[in-house]
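Notes for the one structure printed next.
Computation of the quantities below employed the complete heavy-atom set of this structure, encompassing side-chain atoms and omitting hydrogens, waters and symmetry-equivalent molecules. Order of the sequence lines sets the chain letters (A, B, ...), proteins ahead of strands, with each chain counted from 1.
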Amino acid sequence: MSLLFIVALPFLGALLPGLMNSAGRTATAGVTFTVSLAAFIGLISNLPSVLAGEVVATRIDWMPSLGLNFTLMLDGLGFFFALLILGIGLLIIAYARTYLSRDDNMGEFYTYLLLFQGAMVGIVLSDNILLLLVFWELTSLSSFLLIGFWKHLPEGRQGARMALIVTGMGGLAMIAGMLILGQIVGSYDLSVILQNRDLIQADPLYVPALVLILLGCFTKSAQFPFHFWLPHAMAAPTPVSAYLHSATMVKAGLFLMARMWPVLSGTPEWLIIVTSAGLVTMVLGAVIALFKHDLKALLAFSTVSHLGLITMLLGTGTAFGAMAAMFHVLNHATFKAALFMSAGIIDHETHTRDIRRLGGLRHLMPVTFVIASLAALSMAGIPLLNGFLSKEMMLEEATHTVLFGTPWLVPGLATFGALFSAAYSFRLIGHVFLGPVRDAYPAKPHDPGAGMWLPPAILVVLVVVIGVAPFLAEPFVKLVTASVLGDAAVVPDAHFKIWHGLVPALYLSGVAVVGGLFMIAIFNPALRLWDATPRPEAKVIFDAIVEATARLAERLILPLHNGAFTRYAAVGAIVIFAAGFHAWSTGTVGAPTRAVQAASPVVIVGWAMLVAATVGMVLMHRNRLLSLILIGIVGLTVSVGFAFFSAPDLAMTQFTVEVVTIILLLLALNFLPNRTPVESTILRRVRDAGVAIAGGVATFTLAYYYLLREAVDTPISEFHLANSYKGGGGTNVVNVILVDFRGFDTYGEIIVLGIAALLIYALTETLLRGPVRARLLNRQPDQPRAGDVHPMMMVVLTRVLMPVVLLVGFYIFWRGHNQPGGGFIAGLVVSIGIVMQYMASGFAWTSARLKYPYHGVIGAGVLIAGLTGIGSWFVSKPFLTSDFTYVRLPPFEKFELATAALFDLGVFLAVVGAVMLSLESFSRLARSAHSPDSEHPMDIDPSRNDPPLAEAGSVREGL
Amino acid sequence: MELLIASAIGVMTAGGLYLMLRLRTFPVILGMSLLTYAVNVFLFASGRLTVGAAPILSDAATTYTDPLPQALVLTAIVISFGMTAVVVMIGLGAFLGSDDDHVDDQPEAIDKTAEAGQ
C-alpha cells in the first residue's frame with residue numbers, strides 16, 4: 001500500500017468513530033480497529049521491500065518554494081516504529097473497548113486516538129523535516145486531548161496542560177533547530193540531510209542546532225529535567241498511558257535521536273549532553289519509581305528511567321549502543337505496555353491503584369498475576385525474558401563508555417539504575433500480587449474478561465519468545481540498526497545470546513538483581529528515610545514558573561489591552577495616519593496626468609446633499625432614528641453617484657443593499673435605546689474630532705491625488721474589456737468579471753456571506769436559549785405599539801407586488817450577463833420582496849408559507865456554484881472555467897446559455913439565503929419579545945368572524 | 001469634479017471616524033457604515049471618474065470606464081452588509097445580555113471579572 005494511505009488512513013478514519021457513536025460501543029471500537037488494521041496491513045505489505053533493504057518513498061510537492069514537500073519514506077527504522085505504533089495501537093483499541101465505562105464518550109476517545117496514531121505514523125514516515133515538525137506538533141495536540149480525556153478530573157486537565165506546555169515548548173525549540181539544520185544543508189529533505197554529516201558537524205551552528213533539536217527530543221521523551229510531565233500525564237485513562245506513555249509518543253524523541261543519529265552523533269557535545277541526560281534520568285526515575293505507591297506513578301517513573309537508559313545508549317555514539325537502544329525500544333514497548341494494561345486491569349477490578357491497599361492478588365487474579373509478573377521480571381532483567389537481553393547489552397556498552405574522563409562513572413551509575421529498576425519490579429510483584437490476601441479491597445477483585453487480558457497477554461508472549469529465542473529478533477533488530485546507522489557506521493556482528501560467558505556485564509547484572517532483592521528486604525526503613533529526605537517537587541517549581549510568566553504577561557498586556565475599544569480605534573487611526581504621513585512626506589509626488597473635469601450642477605447638488613447628511617449625522621447622532629434616516633440619505637446619494645459615474649451595477653447593488661441595511665438597523669433599534677446619552681467630556685470630543693479631521697484630510701488628499709494620476713502604467717482592465725465578449729460571452733463586463741474572470745473570488749465571497757448569516761443565526765439561537773429569552777419576554781416596549789399591526793393596504797399591495805418583484809428579479813438575473821444586473825442584484829431584489837411580506841403580513845404567516853429553510857438556500861447556492869466550478873474538471877479544465885453557447889428558441893430572440901449563469905444562480909441563492917437568514921434571525925428576537933403575532937395576514941378581515949379586538953387580545957394571551 | 005468626490009470621501013471618513021470613537025454601539029455601527037461608503041467610493045474612484053461610459057459592450061460605444069474596480073466594489077458592498085449585520089447582532093446580543101450598550105469594557109465589569117477569576 002502506498003505510504004500516503006498508511007498515514008492518511010488514521011486521519012480519515014478519525015471521522016468514523018464519532019459518526020458510529022450512536023451505533024453502540026462495540027461498533028465504534030470495531031470501526032476504529034478496522035481502520036487501524038487496514039493501516040497495519042498496508043504497512044506489512046511493504047515488509048518485503050524493507051527486508052530487501054530498499055527505501056520505499058512517496059513524494060508530493062506541497063510548497064516547494066518553502067522547501068516543504070509531502071515526502072514520505074519507509075526504511076527499517078520507520079518500519080519498526082510504525083509497526084510498534086500500529087501493532088500496539090490495535091491491542092490498545094481492543095483493550096479500551098472493555099476498559100472505558102458507559103459514561104465515557106467512546107467515539108470521542110477513538111477519534112482522538114486515531115488522530116494521535118496518524119500523527120505518530122506521520123512522524124516516523126516523514127522524509128521532510130518540516131513535515132515531520134507538523135506531525136510532531138500534531139502529536140502534542142492530540143495527546144493533550146487524550147490526557148485530558150476525563151475533563152471532569154482536575155488532575156487530568158492539569159496533567160494535559162503540563163504535557164502540552166512542556167512538549168509544545170520543546171517542539172518550538174525543535175522547529176528552530178530544524179530550520180538551522182535545513183539552512184546548513186540547503187534542503188529540508190531528511191534523505192539529503194542524512195548524507196551531509198561532515199558539512200553539519202563542521203558548521204559553527206551545529207551546537208545550537210543540536211541543543212535545540214535535543215530540547216525537542218528530551219521534552220517529548222521525558223528526559224531530565226523535563227521528566228516531570230510524564231507522571232502527571234498518568235491522570236489519563238490507562239489505555240492512553242499504555243499507548244502514549246510507554247510505547248509511542250515518549251518514544252518519538254528517541255526516534256528522532258535515532259533518525260538524526262548519523263549526522264548529529266559522535267561529537268563530544270552529543271556524547272556529553274545525551275549520555276549524561278540519559279544517565280541522570282535513568283537513575284533518578286528508577287529511584288523515585290521505587291517509592292511511589294500509585295501503581296501507575298511507579299510505572300510512569302520506571303518509563304522515565306527506561307527512556308533515560310535508551311537515551312544514554314544513543315548518546316554513546318557507538319554502533320553497538322545504537323543497536324542496544326533499538327533492541328531495548330522493542331523490549332520496553334512490549335513489557336511496559338503489558339504492565340500498564342495490567343495496572344489498568346487492577347485499577348478496573350479493585351478500584352484502587354494504591355500499592356499499600358493491594359497485596360495477595362495472585363489467588364484472586366491468577367491470569368493478571370502471570371501476565372504482570374512475567375512483564376515485571378522482564379523489566380527487572382531476569383534471564384529468559386527479553387528485558388534481560390537488552391539490559392545486558394546496555395551494561396556491556398556502559399563498561400566501554402567513558403564520561404568526563406572517569407571510566408567507572410557510567411557503568412557504576414548504570415548498575416545503580418539497574419539495581420533500582422530490579423527493586424521496583426520486585427516491589428510491583430511482591431506488594432501487589434504476593435503476600436496475604438486482604439480482607440478489605442475497595443472492590444472484590446477477580447480476573448477480567450478476555451477482552452482486557454488478551455492484549456497484554458499477546459505482548460507477554462512476545463516478551464517470553466524474544467527472551468527465550470533472541471535469535472528470532474536479531475535479524476530484524478539488525479535491519480533497524482542498519483537504517484539508524486546509515487552510512488556512518490557498520491552494524492556490529494555481536495549476536496543476541498542469553499549466555500555470553502563470564503563477561504563484566506553479567507557480574508553487573510547479578511549485582512543489580514541481588515541488590516534489588518536486598519532493597520525490597522529493607523524497603524520499609526528505606527521508605528521512612530525517603531519520606532524524611534526533603535526534595536524539590538517538580539510540579540511546584542513548574543507551577544511557580546508558569547504563574548510568574550502569566551503574571552509578567554498580565555503586567556505587559558493589561559495596561560495596553562484594557563478593554564477600551566474606542567481607544568484601540570483611536571490609536572489605530574492615529575498610527576495609520578502617521579504611517580501614511582511619513583510615506584507622503586518622504587515620497588515624491590509626480591505631476592498630475594489626468595485633466596480636472598468640470599463639475600456639473602447635478603454633481604454639486606449631490607455633493608451638497610452628501611456632505612449635509614454626513615455632517616448632520618455627526619451633529620445629531622444622539623437621535624438614533626434621525627441618524628438612521630440621514631445615513632439612508634448618504635447611501636442613496638452614493639448609489640445615485642454610482643449611477644452617474646457609469647456604474648449601473650454598483651448603483652443597483654448599493655440601492656438594494658441600502659434597503660435591507662436600513663431594515664436591519666431598524667430591527668436592531670427596536671431593542672436599543674432611542675437616544676445616545678451625552679457621556680464624553682468636551683476634551684474627549686475635541687480629541688475625537690481631531691482624530692477624525694486628520695483622518696478625513698488624509699483620505700481626501702490621497703483620493704484627490706489618485707483621481708488626478710494614473711495608478712499604474714497599464715491597468716489590466718483593458719484585458720477584461722477586450723475578452724469579456726470573446727471569452728466570457730457577455731457584454732456586461734462587470735458581471736463577466738464577477739462570474740467568470742474572478743469567479744473564484746466571488747465563490748469565496750458568497751461563502752463568507754453565508755458564514756456571516758449562519759453566525760448571526762447561531763448568535764440568535766444562543767441568545768434565545770440563554771437568560772436573554774426571559775428578559776425579552778418580560779420586556780415592555782418603550783414605544784406605543786401601533787393598533788394596526790398589519791395594515792390592510794400594505795398586505796394587499798405587497799401581495800400584488802410579489803409576483804412582479806419575482807419577475808423583475810428573474811429579469812435582472814437573466815439579463816445580468818449582458819446588461820446591468822446579475823445574481824447579486826437579483827438576490828437582493830428578491831430578498832426585499834420577501835421582506836415586504838414579512839413586514840406586511842407578519843412573521844408567522846410568512847414563515848408558514850416558506851418551503852425551504854434559509855440555511856438550505858445558502859447551502860444550495862454555494863453547492864451549485866461549487867459544482868459548476870467542479871464541472872469544468874470533467875472536461876479537463878481548471879476550476880470554474882466557463883463555457884457558453886447561443887440558442888434560438890422560436891418565438892424568442894436568440895439568447896445565450898452560459899455555465900456562468902449557473903454559477904450566478906448559486907450567487908443568487910446564497911445572497912437570498914444570507915440576507916433572509918440575517919433578517920429573519922433579528923425578527924425572531926423581536927418575535928419573542930412581543931405577544932405572539934397573529935396567524936392571519938390582516939388584522940381585520942371581513943370574511944373572518946373574529947371576536948372583538950379587546951377580547952381577542954386576552955384570548956391570545958391565554959394561548 | 002475630482003475635488004468634490006475627494007472631499008466627499010474625506011468628509012465621510014471624518015464623520016465615520018468620529019462616530020466610531022463614540023462610546024455606544026449604535027453610533028459606532030453607523031460610523032463603520034459611513035467608513036464603508038468612504039472606502040467603497042475611494043476604491044471605485046481609483047478607476048477614474050467617467051460620465052456616460054458604462055462598461056456594457058456595444059457597437060455604438062467607443063470608450064468604457066474601468067470595470068475592474070466596479071466588480072471589486074460590488075462584492076465589497078454585499079460583504080459589508082454581511083459584516084454590518086454581524087456587528088449589529090453582536091452589539092444587540094451584548095445589550096440584551098447586560099442592558100448596557102457601551103462599546104468599552106466598563107471599569108466595574110473589569111473588577112467583577114477579575115474577582116470571578118480569582
Side-chain angles (χ1 to χ4, degrees), chain A residues 563-566 569-570 573 596-597 599 603 607 610-611 614 618 621 624 627 631 638 645-650 653-654 657 661 664 668 671-672 676 679 688 692-693 695-696 699-700 703-704 706-708 711 717 720-721 725 731-734 737-738 749 753 756 759-760 763 767 772 824 918, chain B residues 1-2 4-15 17-21 23-24 26-27 30 33 37-38 41-42 45-46 49-57 64-68 70-71 73-75 77-79 81-82 84-86 88-89 92-93 95-97 101 103-105 110:
Chain A
F565 288 89
T566 48
V596 177
Q597 303 172 50
V603 181
W607 178 85
L610 187 81
V611 170
T614 312
V618 169
H621 75 270
R624 292 181 170 182
S627 57
I631 201 170
V638 169
F645 290 111
S646 325
D649 285 276
L650 284 191
T653 315
Q654 183 72 65
V657 163
T661 311
L664 180 105
F671 295 103
L672 293 169
T676 309
E679 277 178 318
D688 293 349
I693 289 171
T699 32
F700 160 73
Y704 192 61
Y706 263 118
L707 278 169
L708 291 181
S717 315
H720 294 113
L721 283 169
Y725 189 71
T731 52
N732 180 1
V733 186
V734 174
I737 292 176
L738 282 176
E749 275 170 280
L753 195 64
L759 178 62
I760 291 170
L763 281 171
L767 279 178
V772 169
F824 275 111
S918 323
Chain B
M1 202 154 64
E2 279 76 9
L4 290 181
I5 297 300
S7 60
I9 295 172
V11 169
M12 284 194 286
T13 311
L17 270 178
Y18 182 79
L19 288 180
M20 267 186 71
L21 297 175
L23 293 171
R24 302 287 181 137
F26 198 75
L30 290 187
S33 299
Y37 291 133
V41 174
F42 177 78
S46 68
L49 300 171
T50 320
V51 182
I56 311 291
L57 301 179
Y64 301 105
T65 185
D66 192 342
L68 198 58
Q70 294 195 15
V73 171
L74 197 150
T75 47
I77 294 172
V78 180
I79 291 280
F81 163 74
T84 310
V86 170
V88 170
M89 187 70 226
L92 191 58
F95 175 71
L96 291 175
D101 65 342
V103 176
D104 293 349
D105 282 357
I110 292 175

Separation between [atom1] of [X] and [atom2] of [Y], rounded to the nearest 0.5 Å:
| X | Y | atom1 | atom2 | answer |
| --- | --- | --- | --- | --- |
| B/Asp66 | A/Leu721 | CG | CG | 7.5 Å |
| A/Ile631 | B/Tyr37 | CD1 | OH | 5.0 Å |
| A/Leu707 | B/Leu49 | CG | CG | 5.0 Å |
| A/Thr676 | B/Leu23 | OG1 | CG | 10.0 Å |
| A/Thr614 | B/Met12 | OG1 | CE | 6.5 Å |
| A/Trp607 | B/Ser7 | CH2 | OG | 5.0 Å |

Non-hydrogen side-chain atoms of [X] and [Y] separated by less than 4.5 Å:
| X | Y | answer |
| --- | --- | --- |
| A/Phe700 | B/Ile9 | no |
| B/Ile5 | A/Phe645 | yes |
| B/Met89 | A/Leu767 | yes |
| A/Phe824 | B/Thr75 | yes |
| A/His621 | B/Leu30 | no |

Part of [X] within contact of chain B (heavy atom distance under 4.5 Å):
| X | answer |
| --- | --- |
| A/Leu672 | both |
| A/Leu759 | side chain |
| A/Ile760 | both |
| A/Ala573 | side chain |
| A/Tyr706 | side chain |
| A/Val638 | side chain |
| A/Phe565 | both |
| A/Ser627 | both |

Audit row: B/Leu92, A/Phe671, side chain to side chain contact (heavy atoms under 4.5 Å, CB included) steps and yes/no: CA-CA 8 Å; B/Leu92 191 58; A/Phe671 295 103; 3.6 Å; yes
Best-contacting candidate, [options], against chain A by heavy atom pairs under 4.5 angstrom:
| options | answer |
| --- | --- |
| B/Thr84, B/Ile79, B/Leu19 | B/Ile79 |
| B/Thr13, B/Leu17, B/Ile56 | B/Ile56 |
| B/Ser33, B/Gly15, B/Ala53 | B/Ala53 |

- prompt: Contact part of B/Phe42 toward chain A, heavy-atom cut-off under 4.5 Å: side chain, backbone, both or neither?
  reply: side chain
query: What part of B/Pro27 is in contact with chain A, defined as an atom under 4.5 angstrom from a non-hydrogen atom: side chain, backbone, both or neither?
result: side chain
Identify the heavy atoms of [X] and [Y] that sit nearest to each other, and give their distance.
| X | Y | value |
| --- | --- | --- |
| B/Ala71 | A/Ile737 | CB-CG2, 3.5 Å |
| B/Leu68 | A/His720 | CD1-CE1, 3.5 Å |
| B/Val88 | A/Leu664 | CG2-CD2, 4.1 Å |
| B/Leu4 | A/Ala599 | CD1-CB, 3.8 Å |

task: Determine, stepwise, if the pair A/Glu749 / B/Val78 fulfils side chain to side chain contact (heavy atoms under 4.5 Å, CB included).
output: CA-CA 9 Å; A/Glu749 275 170 280; B/Val78 180; over 6 Å; no
message: Under 3.5 Å, is there a donor on one side chain and an acceptor on the other for A/Ser646 and B/Thr65?
response: no
Flag, side chain of B/Glu2 to backbone of A/Gln597, donor-acceptor distance under 3.5 Å: yes
query: Between the main-chain N or O of B/Leu74 and the side-chain N or O of A/Asp649, is there a donor-acceptor pair closer than 3.5 Å?
result: no
- prompt: If you count heavy-atom pairs under 4.5 Å between each of A/Asp688, A/Thr699, A/Val772 and chain B, which one has the most?
  reply: A/Asp688
statement: One option among A/Val657, A/Leu650, A/Asn732, A/Leu610 has the most heavy-atom pairs under 4.5 Å with chain B, and it is A/Leu650
